[in-house]
Q: 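Pasting a structure here, questions to come.
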Amino acid sequence: MLPPCGLARMLLRVEYGADRVALSVYLASQLFDATADLLKLNPEPAPDPRELFDRFLAWTAQPRL
């Protein structure tokens, strides 16, 4: 499971409109699943929580251009 690329981010913003809370909840669930997958595939070293947060969720707080 990969974090959304630029095009996917744009499409997610269109789909969720102004509802950033719903978008964040959806992406948090994707982050949860991705973390579990990464731990199964490669437990050492464990995924960096900050890096995953930045890749999956941080961009949702950025203002739209």
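For this chain, numbers begin at 1 and follow the sequence in order. Excluded from the calculations below are hydrogen atoms, water molecules and symmetry mates; all remaining heavy atoms, backbone and side chain alike, are included.
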Q: Any idea which heavy atoms bring Tyr26 and Leu12 closest together, and the distance?
A: CE2-CD2, 4.1 Å
Q: For residues Arg13 and Leu23, report the shortest heavy-atom separation together with the two atoms involved.
A: CG-CD2, 4.5 Å
Q: According to salt bridge (charged side-chain N to carboxylate O under 4.0 Å, His left out), who are the partners of Asp48, at least two apart in sequence or on a separate chain?
A: none
Q: Nearest 0.5 Å, what's the CZ-CG distance between Arg9 and Leu27?
A: 9.0 Å
Q: If two hydrophobic side chains count as joined below 4.5 Å and joins carry through other members, does Phe53 share a cluster with Leu38?
A: yes
Q: Show your working on side chain to side chain contact (heavy atoms under 4.5 Å, CB included) between Leu39 and Asp37 and close with a plain yes or no.
A: CA-CA 5 Å; Leu39 285 171; Asp37 289 346; over 6 Å; no
Q: Measure the spacing between CG of Leu52 and CD of Gln30 and express it to the nearest 0.5 Å.
A: 13.0 Å
Q: Residues two or more places apart in sequence or in another chain: which of them pass salt bridge (charged side-chain N to carboxylate O under 4.0 Å, His left out) with Glu51?
A: Arg55
Q: Do you know the tightest heavy-atom contact between Pro43 and Leu41?
A: CD-C, 4.0 Å
Q: Heavy atoms only: give me the nearest Ser24-Leu57 pair and the separation to one decimal.
A: O-CD2, 3.4 Å
